[in-house]
Amino acid sequence: MSLDISEIAPYNFSVVESKWQKFWLDNRSFKTEDRGNKKYYVLEMFMYPSGKVHIGHVRNYTIGDIVARYKRACGFDVLHPVGWDAFGLPAENAALKQKSHPKDWTYKNIATMKSQIRGLGFSYDWEREFATCDEDYYGFQQKIFLALYKKGLVYRKKSEVNWDPVDNCVLANEQVIDGKGWRSGALVEKKMLSQWFFKITDYADELLEELDNLKGWPENVKTMQRNWIGRSEGCSINFSCDNGDQITVFSTRPETLFGATYLAVSPDHPLAQKVAESNETIRNFVSELKKGSVSQQTLDKQEKQGIDTGLTVKHPFLDKRLPVYIANFVLMNYGTGAIFATPAHDERDYDFAVKYGLPIIPVIKSKNNEVPYFGDGILFNSEFLDGLSVVDARKKIIEEIAGRGLGKKEIFFKLRDWGVSRQRYWGCPIPIVYCPKCGAVPLKEEDLPLKLPSDVSFSGVGNPLDQHPHWKHTKCPICGSDARRETDTLDTFVDSSWYFLRFCVGRESDDLLSKDSIKHWMTVDQYIGGVEHAILHLLYARFFSKALADCGLTDVREPFTNLFTQGMVCSVTYKNEQGEWLFPSEVQKNEKGEFVEISTGKKVTVGRLEKMSKSKKNVVDPDVIVKTYGADALRLFVVSDTPADRDFPWSDEGLDGSWRFINRVWRMFVYLKDKGISSDAVQEIRFDSLNSDMQKLFKEFHRAVRDVTISYESQAMNKAIAYIREFVNCIYAVLDQAESNVSLFSVIVRDLIKILAPIAPHICEEAWSMFGFKNLVSESEWPKFCEEYIAVTTINLPIQINGKLRGTIDVSPDASEDEVIQKALEVSNVRKSIGDKPVRKKIFVKGKIINFVV
RNA sequence: GCCCGUGUGGCGGAAUGGUAGACGCUACAGACUUAAAAUCUGUUGUCCUUUCGGGCGUGGGGGUUCGAGUCCCUCCACGGGCACCA
């Protein structure tokens, strides 16, 4: 009796998926092992345990899992770990709000999210899992801190910090966005505090130069890092001031020196301070500029303000004196905090000169004598530079300046040292003690880990560690006197700067950074995460790798060979007339096809696709999706259609389509099983013995394997899926011949399962075992394809006339020019098209095209 | 302002300088069904044409080429990053 494909029961994903998830766990299927094969380290940026997994996580981890499963199937020894970036502010905020302990809140969230992650069937080695708030992890981190300290890469200084008045916390430069705190959004204030710093600036050059060698990184990420490091080459120049001081300025365009008409220093410059002391007007002006501080400055950044100090400096090459201004557009934390201004060739200098009536002297010839002019040209008004090009003039003046001891060639970076102190409880304690006699003293290694006290209270103000009744009181490790612990904790970006190294070592090892393990597993062959970490995390992690290598702890200077930045999951947004966001369920289409709010019937504005977020009410809950459609359908969907590095437009219909495909495949498997397809029937296929339909199918099969393989290799999951779907359609077209071609179908089904398995592992495991195959996961032979079968015997060759398609002919791919021309001219449409016009030229590309030029 | 990136049907997107629109979504039709759903099978850029076929079409304009979505110049739009960095 023949089985009707439409009557096959729907695929029971919930039973199948939990069955195989349990199987993988029980059998430790994805345990990392060094079997002597080539290694492959796949890592997705680890998760912050915020509470629940969101759809963006699902996409990120699905991409990683596809890579991991694909590489495993190709025979690599794969390291694919999972962990938790578990320290950080939200745990403390929750503590305040819900009276929970940060630790309980964090581990509870981890447990929740872990079960969600497991429900998606990701092939992680759970035995290497850890959270950065685990005592042994941050204990190791403290050891690293001490190693860096010993190496001179950590120091403490009093410095102006970015203070977030809402979170009561110091922020790194990187965490200040538009003058606002990255989390709270509050206007950031300036405050002087003693802070710990990592000397990332020691590595500015290496961090910049190595970017050129990171061939596997997206160009935009490298550009962002280059900009952030911000190297500029120029020249320092000393000016003598009439109060006896030397003012050193930095310029990248020293060749414009003869056009200098004034000097400007930052309000924070020592000279400005000095002048302010003796002059009330200036004092008031400077304090006015500083009062506004970051907030005002950023808001009014276009408005240039300044004041004449009354001082003058001598021009180093001319017999004239230049006035010295204090100006708000000069920043103390870049260069030397002072500039010489050439209004004719710099926009800011120009604006300022116009506002304060200062002279403007051009020194580079422009076409229409335009001012300000920033282009190339020939120098004039410039003594010994006259007649030189900008480039030559720059060289020459630097020589002159250096030769006369007035200054030197210099390089400045925008990159600042990394301030890592945070006045927070839920972070890694800094292993330092302050002794009244010995000063700042590092803890001894045997006293690590320095654990966080668990009995803390959260008032919401200040640092809970500092307010703890006794935790900070201790003895000096050197002299034994009463001493005080550092109560600041480390920035959580420290935690994420080396976690990928710890994964190589494994949780059971007491060895901090086992050099052998790291040597074996590093570098990360494929790192996957959001582009939002292009600067902060990725730069810090690169710095850490270099610093740890210099401390002799590892041998790896660049951690991530290939970086993939996946796009965001987006969805439509709806807003009512009041501008409030609405859930899709609150909106419907009316008879006119307009979107209206169901409760009020009023019109709704449909926004463009935006990143899914709770606040915009356009989120979908992965749990709900997994429950209704299954993990495979969800995994398939989030990498379908859209290339993985682009933003993904969520649609319920699309998800439905993926679910339908999973079922379509399932029905096909069940049908084929019924027709006797099984592992026992697998045998070598003799192409010649196949009928023409089957020969065609066999060719399509080889083509599919090739195209899917190529797509996986280039992380083009969307294409891999398209080719798989195409091939499934091919099978469906000849399904009725399965019974008489059992061997062929058995081979095809075996390999189809393999190429689909990285994306939809559960259904593939089920089918694999249903057909009687053994061990899909450990079976590490990727299907092979043979170009010989892909090569076609006839092709549909296009005929063009003057480059326009006028017909096609079926010929062998290596048909000769004569043959093709003869056949082409037999096509009536071609003859008609040529008419009685003489053929002037024939372009023939074998196997590709014939083009008649008439 | 500067630096990246992107622009192809109603939609997501394919396409080593060689038949633009693979694959999917939507929509429509047929088969099955008492019916619906599901499923299977088609059609689906646009305009003209009964058919054969043809015109137009990859953001706009120009160029190179027998031939351009693809290469070059230029302009526009959108997205992202940086932004008083000397």
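Only this structure's heavy atoms are used, side chains among them; waters, hydrogens and symmetry mates stay out. Lettering of chains follows the sequences in order, A, B, ..., and the numbering in each one begins at 1.
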Discussion item. Quick check on B:rG9: syn or anti? Syn means the glycosidic torsion is within 90 degrees of zero.
Written reply: syn
Please state how far atom [atom1] in [X] lies from atom [atom2] in [N], giving the value in whole angstrom units.
X	N	atom1	atom2	answer
A:Arg646	B:rC78	CZ	P	19 Å
A:Arg59	B:rG12	CZ	C1'	11 Å
A:Leu756	B:rC23	CG	P	18 Å

Using the [atom1] atom as the point on both nucleotides, what is the distance between [M] and [N], in whole Å?
N	M	atom1	value
B:rA14	B:rG53	P	31 Å
B:rG17	B:rG12	C1'	27 Å
B:rG13	B:rA22	P	15 Å
B:rC4	B:rU43	C1'	42 Å
B:rC82	B:rG67	P	45 Å
B:rA68	B:rC56	P	13 Å
B:rA31	B:rG79	C1'	47 Å
B:rG80	B:rC73	C1'	26 Å

Worksheet item: Have A:Asn796 and A:Thr808 got a donor and an acceptor in their side chains that come within less than 3.5 Å?
Response: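 Indeed, the side chains of A:Asn796 and A:Thr808 share at least one donor-acceptor pair under 3.5 Å.
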Worksheet item: A:Asp349 and A:Thr342: side-chain donor and acceptor closer than 3.5 Å?
Response: no
Practice prompt. Classify the nucleic acid contact of A:Thr642 as base, sugar-phosphate or nothing, counting any heavy atom under 4.0 Å across all strands shown.
Written response: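 If one applies the 4.0 Å heavy-atom cut-off, A:Thr642 turns out to touch the sugar-phosphate alone, with no base involved.
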Worksheet item: Is A:Gln800 touching bases, backbone alone, or none of the nucleic acid, heavy atoms closer than 4.0 Å?
Response: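 Answer is base: heavy atoms of A:Gln800 come under 4.0 Å of a base.
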Return a table of donor-acceptor pairs under 3.5 angstrom between the side chains of residues 840-854 of chain A and protein atoms on other chains or two or more places apart.
unit_1   : atom_1 : unit_2   : atom_2 : d
A:Asn851 : OD1    : A:Asn802 : N      : 3.4
A:Asn851 : OD1    : A:Gly803 : N      : 3.1

Worksheet item: Taking the six-membered ring for Trp, are the ring centroids of A:Tyr732 and A:Tyr671 within less than 6.0 Å of each other?
Response: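 When the ring centroids of A:Tyr732 and A:Tyr671 are compared, they turn out to be at least 6.0 Å apart.
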Do [X] side-chain and [N] base share a donor-acceptor contact under 3.5 Å?
X	N	value
A:Lys848	B:rU16	yes
A:Lys304	B:rC84	yes
A:Asn851	B:rC66	yes

Worksheet item: On RNA chain B, nearest-nucleotide positions of A:Val531 versus A:Phe250: which is more 5'?
Response: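 Of the two residues, A:Val531 wins.
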Worksheet item: Between A:Arg725 and A:Glu219, which has a closest nucleotide on RNA chain B that is more 5'?
Response: A:Glu219
Please give the nucleotide sitting opposite [N] as a Watson-Crick or G-U wobble pair, both distances under 3.5 Å, or none.
N	result
B:rC82	B:rG1
B:rA68	none
B:rG24	B:rC11
B:rA31	B:rU39

Which nucleotide, [options], lies nearest any side-chain atom of [X]?
X	options	result
A:Thr252	B:rC66, B:rG53, B:rA86	B:rA86
A:Arg660	B:rU19, B:rU39, B:rG53	B:rU39
A:Ile843	B:rU19, B:rC66, B:rA22	B:rC66

Item to complete: Go through the steps to decide whether A:Tyr262 and A:Phe352 satisfy the test ring pair (Phe, Tyr, Trp, His ring centres under 6.0 Å), and finish with yes or no.
Response: CA-CA 10 Å; A:Tyr262 62 98; A:Phe352 191 84; 5.4 Å; yes
Worksheet entry | Qualifying residue for side chain to side chain contact (heavy atoms under 4.5 Å, CB included) with A:Ser266, from A:Thr336, A:Val330, A:Leu271, A:Asn328 | A:Val330
